[in-house]
Amino acid sequence: MKTVMTLLLSLCLLLPVYEPFAEADGQQVKLGFIQPDKSLVNGHILRRYYITYLDELSKQTNWDYQLVNIDAGNAFSQLFAGDIDLLLSVEYPSSLGMNNGIIYSTMDFGYDVEGLYTRESETRFDPQDLNTLNGAVVGVIAHRPINDRFEEFQQNNRLTLTVREFVNQQAMLTALNAGDIDLVVDTATNTTAEEHFLMAYARIPVRVAAIDAQRRRLVEMEQALARLNMENPHFEPLLSQNLAVNLDFQLVHYTPLESQYIQNLPPLRIAIYGGSSPYIEYDEDTHTAKGIYADLIAALAENSGLQFSYVHVSQYQDAIAMLEKGDADIMLDIFTGAEKHLPFYFTNPLLEIPYTFIGNTAQTPSASDPVTLAVPWPEPSLMSYLRQKFPHWNFVETKISYSDALDRVQRKECNLALLRDSTLEIDRPLIPYPNLNIIPDASIKIPTSLVISPTQPRILQSILNKAITQINPEKRLHITQKHIIDSKPEFSLQHIITFYPLQSGLTAGIILFLIAGMFFLSHHQQSMNKAQKLLQEKNLKLLSMIEKLNTAKQKQRHYQELAETDALTGLLNKAAIERAGSEILCTPAAPDRCHALFIIDLDHFKEANDTLGHQRGDDILRRFGVCLSHIVRADDAVGRFGGDEFILILDNIPRHNIERIATRIREAAHNLEPATDEHPRLSASIGIALYPAHGRDYQELLHNADQALYHVKEKGRDGWSLAYYDQKSI
């Protein structure tokens, strides 16, 4: 008996430990997001990072979280007041005077940006020339952990600065306004109106803060982080790498020695060979270049202060020879291994060019298969790169056009052809080859770097690498898309048939009709009887052909009805989503839960499709389909209804989760494609019908959800609405 009582007492003591996690389902959690300094222009990037991370974590915690924008000045007061449950982007350990009663996560979560700030109207300091910082008096908060990164910044750039420590931020800013110090060290999420951004130099990890009353939620979040890192170890590194690309271009600066070298350096001579639109083309009359690479070189000049000029040669080997002799300073090339490029040295990639494999089947090739690959206009460095990546493949060595390469694949002389994605978007060469397929999941990105002549010192490599890092990823994307959209297709017979199919067909039809008419008139009298007999035979054949065609169409409809997958997105097709929905609706929902049907229309998709091209439009639909698949659970159903319309059928879902799911769908649509001058930002209009409140079967729910969608579009799109709610049907 004593043993039994001991066991019962132990169980009672253990139950509170697990109780919070049992109640985790659907709990509302408010997370404070400190708005960073707008001068860094990275607030939306940091917010997107947290939303993506929290979306993934919510699958572990089942939190219904809300990201609340707050200012640094009242962040901790809102935490104590209960306006927010957890606070993101907090330095640890805190040395800003707000550590009483605060607990912190043991794991890093997110990043902040550290930099130098000064007072308003200060003009003595230039972030592009670190020499101007020498002799400045810099204020720091005593014992603040980020001071280590500031000292590292001083040492790396060999700056002579006078550093003064202050007990808190207010004392430091008072000294700044009084002119006792020139600069202050602070982070983007801790600045006040008195601090004016000068330059950023470090990305620092931060943690999550809470008061002791919210310790349970902080523990839940850390446990979810640990599970996520164990189950999906690549998620956080990939997400952080993407954030680093979008932040670190602001953190690069030139040392005083590098700045002095740039000022004394004459224009660098860039050797370019041949020319290929939309990447680079050379004008012999003006001695200038245009294209994607030319605009990126201009961005390098803007970032670094370097000057560039162009030297044009016809062959790749001529450009190499100029670099060896010192007649040119740099050129664009693909790095395939140090031993093959001595005595040159390379920068980091300036651009990665995407290529796509085309074949007779959609089967993904293996690097170990005996594949014969046709490469249009094969450049030596490109072929060297491909041989290194695919050592077992055979390559077509002769110079051929992309249409010749596709012809060889269609005749099965080659297994695959390798085409640039830009060629596929601009010239649409696959239209005359309906039997050829784009190989899914087999595209490659080939990096192109700047090759530096051995006559140049190593410091030039460091300067160019920094200038490349400083190119804003959004600007790089804008440059690439602009040139691809503005490029004109190659003018040829294939171009006429591809881009003017209706006009070409009408012209050919008229010519054939005139020829047939003349022939008919000249032989009408002699061949009337024969023609009538032949016509009867053709009519019989035509009737037979029509009958066969009808039979074939019936079989085709039967096969299409059997198919359940939408070919473009990989989601369920219209028929399959109806069957899946009917199966879900057969089972009653649990108390306080319901089945839900979402019908989603992707707003402004047509404008983006017409502006960016159909291939890019297809890619947008595919990516949106992937986003929807990530939002739903395994027991739910997601499908493409047609065009840019999608359907979700959610099985046995808590009613209060409807708004959260609709919000995540809208955010996913917002992040699909940045808005441009040619098309607005993509968004989602959503109509929702609940079972059994809005219908007892799939068709009734679909009708009511469609009415709700129509209501959203009348209200201006980019929103969601429930169908008319009949209280009697609950």
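Counting begins at 1 with the first residue of the sequence. All values reported here derive from a predicted model rather than from experimental measurement.
- Within the 4.5 Å cutoff, side-chain heavy atoms of W63 are placed close to those of E220.
- A donor-acceptor pair shorter than 3.5 Å cannot be found between the side chains of R616 and N609.
- Looking at V185 and Y201, their side chains come closer than 4.5 Å, going by heavy atoms from C-beta outward.
- A heavy-atom distance below 4.5 Å is not found between the side chains of N147 and I141.
- Remark: the N652 side chain and the H595 side chain contain no N/O donor-acceptor pair separated by less than 3.5 Å.
- Scanning for side-chain contact (heavy atoms from CB on, under 4.5 Å) contacts around C627 gives A668, with sequence neighbours left out.
- Defined by atom type and a distance below 3.5 Å, a donor-acceptor pair is present between the side-chain atoms of E236 and S240.
- A search for side chain to side chain donor-acceptor pair (under 3.5 Å) contacts involving S105 returns nothing, not counting sequence neighbours.
- Around atom CD of E352, more than 12 heavy atoms belonging to other residues, nucleotides or ligands sit under 6.0 Å away.
- Using a distance-only test at 3.5 Å, with no hydrogens or angles considered, a donor-acceptor pair links the side chain of S77 to the main chain of N74.
- Two residues are said to be in side-chain contact when any heavy atoms from C-beta on lie closer than 4.5 Å; Y698 and I577 meet this criterion.
- Legend: residues meeting side-chain contact (heavy atoms from CB on, under 4.5 Å) with E231, ordered by chain and number and at least two apart, are Q60, R227.
- Residues passing the ring-ring contact (aromatic ring centres under 6.0 Å, His included) test with F646 are F624, sequence neighbours excluded.
- Evaluation of the salt bridge (Lys or Arg N to Asp or Glu O under 4.0 Å) test over residues 204-213, restricted to residues two or more places apart or in two chains, returns D108-R207, D212-R215.
- Residue pairs meeting the salt bridge (Lys or Arg N to Asp or Glu O under 4.0 Å) criterion with at least one member in residues 67-87, sequence neighbours excluded: D85-R217.
- The number of heavy-atom neighbours closer than 6.0 Å to NZ of K713, taken from other residues, nucleotides and ligands shown, is above 12.
- With contacts defined as side-chain heavy-atom distances shorter than 4.5 Å, the pair Q615/I438 qualifies.
- Listed by chain and residue number, nothing satisfies the ring-ring contact (aromatic ring centres under 6.0 Å, His included) test with Y65 (two or more places apart in sequence, or in another chain).
- No donor-acceptor pair under 3.5 Å is formed between the side chain of N704 and the backbone N or O of A689.
- By the 4.5 Å heavy-atom criterion applied to side chains, I661 and V632 are not counted as neighbours.
- Aromatic ring pairs are classed by plane angle as parallel below 30°, tilted from 30° to 60° and perpendicular above 60°; the pair F33 and Y50 is perpendicular.
- Applying the 6.0 Å contact sphere to CG of D592 captures no more than 12 heavy atoms from other residues, nucleotides or ligands.
- The salt bridge (Lys or Arg N to Asp or Glu O under 4.0 Å) contacts involving residues 635-650 comprise D566-R640, R633-D636, where partners must be two or more places apart or lie in separate chains.
- Among residues at least two apart or in separate chains, ring pair (Phe, Tyr, Trp, His ring centres under 6.0 Å) pairs with a member in residues 219-239 are Y53-F235.
- Side-chain atoms of K466 come within 3.5 Å of backbone atoms of H253 as a donor-acceptor pair (strictly under, hydrogens ignored).
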Scan the side chains in residues 680-688 for donor-acceptor partners under 3.5 Å anywhere in the protein, sequence neighbours excluded, and list what turns up.
unit_1, atom_1, unit_2, atom_2, d
S683, OG, D603, OD2, 2.9
S685, OG, D603, OD1, 2.9
S685, OG, D603, OD2, 2.8
S685, OG, D718, N, 3.4

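- Without hydrogens or angle criteria, T611 side chain to A608 main chain gives no donor-acceptor distance under 3.5 Å.
- A donor-acceptor contact shorter than 3.5 Å is absent between the side chain of E120 and the backbone of E194.
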Self-check item: D64/H656 under side chain to side chain donor-acceptor pair (under 3.5 Å): CA gap, chis, key distance, verdict
Solution: CA-CA 9 Å; D64 183 9; H656 60 262; 5.6 Å; no

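- The side-chain heavy atoms of L650 and I584, taken from C-beta on, include no pair separated by under 4.5 Å.
- For T364, the side-chain contact (heavy atoms from CB on, under 4.5 Å) criterion is met by I439, A442, not counting sequence neighbours.
- Contact annotation: the side chain of L568 approaches that of R622 to within less than 4.5 Å [non-hydrogen atoms, C-beta and beyond].
- Taking the ring-ring contact (aromatic ring centres under 6.0 Å, His included) definition, one finds that F605 meets it with nothing, sequence neighbours left out.
- With hydrogens and angles ignored, the 3.5 Å screen pairs no side-chain donor or acceptor of N190 with any backbone N or O of D186.
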